Amino acid sequence: MMILTKKMIEIRNILQKIGQSDSLMLPSIVVIGSQSSGKSSVLEAIVGHEFLPKGSNMVTRRPIELTLVNTPGALDEYGEFPDLGLKRISDFASIQRTLTELNLAVPDSECVSDDPIHLTIYSPNVPDLSLIDLPGYIQVVGHDQPLELKQKISDLCDKYIQAPNVILAISAADVDLANSTALRASRRVDPRGERTIGVITKMDLVDPIRGAGILNNRQYPLRLGYVGVVSKAPSSAGLFKMGSSNLLTSITKHENAYFTSHPMEFGTDSGVSVGTLSLRKKLMTVLEQTMSSSLQGTSDAIRQELEEASYEFKVQYNDRPLSAESYLAESLDAFKHLFKQFTEEFGRPEMHQLLKSELDQKVLDLLAARYWNKPVNDLLQPAAETDKLADLPTAATDSLYWHRQLDASTSSLTKLGVGRLATTVIASSLQSSVEKLLDQSNFANHPFARKAIMEAASTILDERFYSTSDQVENCIKPFKFEIDIDEREWVQAKQHVGSTLKKELQDCEKALGSIQDAVGGRRKLNEVMSFIDKARKGQVFVEGDGRSGAGGFSAALLGKGREAVFLRDRADTIKMRMLAAKSKQCSVQKNKYYCPEVFLDAAANKIASTAVLFLNVELLSEFYYNFPRELDLRLGRHLSDAEVEMFAKEDPKVRRHLEVIRRKELLELVLEKMDSLRQLEGRERERLASS
Ligand code: GDP
């Protein structure tokens, strides 16, 4: 018959994975008892090993759901913690350490937790059993323990001792049965004593007549009766820790010696049940019977759950199959498709535009530094005569000075590190485009995949970075000596620079506007600006540098005023230069010294065009080719099942969908197993009847 229990325990474990309602549970044996009643000793005797946490400081803080699996003929014994992925631990001291750590991880302030630890022990020496060890009841709360601890333990035990579980109520023989907390708890939920087994430990500590009296089942009658045990290993048990033999063997030897020395009280005719072996046998029979009788009810409940799950699957998900792998594969394909579209929209012209506008900014900086800045350091000091002139090229520009200015500006432009600049601009643009694509894709809700994809992009771009910068730098090298611009390019630059300057002017005016807002209005700003203007013309005298305030204006206000004067002058200059650039003189290249804005724009354009040719080959095409492959590598074959699962479940919608499917599959599996179990049971019954 025992094969049935094994199968039922298997089913019980699958049901546990499905979780949720209690009706979906097959019964287990729940072990309760006061602290020091000998609860651990009984469990360890059944298992044949010391493996439970020991110590005075409340060492069992979480339920331990213990599954014993009989492995006939196997040579080794080992334990597994399925939730932790810990497999085949054949050192029971190590199991004990793990259990201790898991229990002590519950903080002292909480003291108990209802989150169970799952432990499975495989051995040829254990019966197939499913047992739950709970924290021992305490009589008094320790000074460092929370006051409500007693209640918390009792509530936790109450949760587990509900029907249809079997209660193994442990009481010590040397404590009056009327004081047994375990029996009291069991009577609350099982008043007629239908599903409680009484275990009386420490039989050796009381007079045999009194001991037998307890086992007689008269004081608190239980249908399943009492078993008396002496589960304290003799002091030589240390030897057995070495694993050479079984703790159970030594305990039963010790027990037998005790019980057989009192044949009157405990002999076969005495009518009482004693010994750990009898207890084991009883547990096996009771568990099997209880599980069997729950089978019908549980399988009805499963059938109903399955119907509900199937209905939800149909209504909510249209019966659409989904697995973590298929979800990942579909998402990846869709993302690659988005990327493909992007590659068609982002090519040479787009790169050129990006790079050119970056260079436009550099050109503006150069113009500001070499042409537009009035050499005035302090806007509160009277300006020197020469300062009054803007440093702008005049129409007659055959002066050597203006030739040098333009040559120096051009040289700064070509030597600013275009290779690195261009590569950085394009690489970061690609990176932010990938990020935008991610936002539009399934991966938007998947931090794990997002990270992997962003890393894929940056790996490729980083790998290409130096060689691309070098190539681009090399290809623009000739411009460092000479830049030839034809008439068409000149005209184009003339038009283009107009809009660059306009944009710059707008930015200037905007900045001026925000200063005005910051100081509290146009009037106030005008006042301080005109004070600064007067100071520069020497019409008012300012002591020192005016840093601590002057003319009735605070230092902060003067600071703002200085900025405003600067911006106003800058705007005036730009307006002037816009007119110059538009003028007839700037229509022809030969006047380039008068038109540095146009010339530098044309030069920047040439540099950008040349750079883009190489960026296209060295960076963009490489990226477009390698990126999808890198994605396959990182999100395809390399991921473990657990990672794929973790990925899919990051999205709450997918998670729910997958859970419904998993639930449905597990229910189907369990139902199938139950059906075959019932057939097996039927055959077994027939066999017994005919024999
Ligand atoms: P728990 O707190 O209920 O788990 O109790 P333990 O199993 O740790 O036992 C408490 C103490 O009682 C330990 O010192 C055991 O050695 C001792 N003990 C347990 N069972 C017996 C027994 O049958 N006879 C004797 N004499 N001592 C026992």
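Whatever order the structure lists them in is the order used to number ligands and atoms, beginning at 1. Note that the structure is a prediction, hence the values are computed from the model and not measured. Note: hydrogens, waters and symmetry copies are ignored here, and every other heavy atom, side chains too, is used.
- Looking from atom 5 (O) of ligand 1 to the surrounding protein, the closest heavy atom is Gly38 N, 3.1 Å.
- Counting protein heavy atoms only, atom 19 (C) of ligand 1 is closest to Ser41 OG, 3.4 Å.
- Atom 28 (C) of ligand 1 has Lys232 CB, 3.5 Å as its closest protein atom, hydrogens excluded (heavy atom only).
- In this structure, the ring of His254 has its center no less than 6.0 angstrom from the ring center of Tyr258.
- By the 4.0 Å heavy-atom criterion, Ser36 is counted among the residues contacting ligand 1.
- Taking the ring axis of Phe443 as reference, the NZ or CZ atom of Arg450 does not stay both within 45° of it and closer than 6.0 Å to the ring centre.
- Classification of the Tyr78-Tyr122 ring pair by plane angle, with boundaries at 30° and 60°, yields parallel.
- From Ile117, atom CD1 reaches atom OG1 of Thr98 across 9.5 Å, with rounding to the nearest 0.5 Å.
- Heavy atoms from other residues, nucleotides or ligands lying under 6.0 Å from CG of Asp641 number 12 at most.
- Counting protein heavy atoms only, atom 23 (O) of ligand 1 is closest to Ser231 N, 2.9 Å.
- Between Gln35, Lys202, Lys39, Met203, it is Lys39 that holds the heavy atom closest to atom 3 (O) of ligand 1.
- Of the protein's non-hydrogen atoms, the one nearest atom 26 (N) of ligand 1 is Asp204 OD2, 3.0 Å.
- Contacts of Ile170 with ligand 1, taken as heavy-atom pairs under 4.0 Å, are absent altogether.
- Annotation for Lys314: atom NZ does not count as buried by contact number, only 12 or fewer foreign heavy atoms lying within 6.0 Å.
- In this structure, atom 13 (C) of ligand 1 has no protein heavy-atom contact shorter than 4.0 Å.
- The closest approach between any non-hydrogen atom of Gly136 and ligand 1 is not below 4.0 Å.
- Each of the following atoms of ligand 1 lies closer than 4.0 Å to a heavy atom of Val230: 23 (O).
- Residues passing the salt bridge (Lys or Arg N to Asp or Glu O under 4.0 Å) test with Arg662, sequence neighbours excluded: none.
- Look at Ser34 and you'll find a heavy atom under 4.0 Å from some atom of ligand 1.
- One distance of note links CE of Met8 with CE of Met674; it measures 9.0 Å at 0.5 Å rounding.
- Atom 4 (O) of ligand 1 has Ser40 OG, 2.4 Å as its closest protein atom, hydrogens excluded (heavy atom only).
- Note that the OG atom of Ser123 and the CG atom of Leu68 stand 8.5 Å from one another [nearest 0.5 Å].
- Here Leu52 has no heavy atoms under 4.0 Å from ligand 1, in either its backbone or its side chain.
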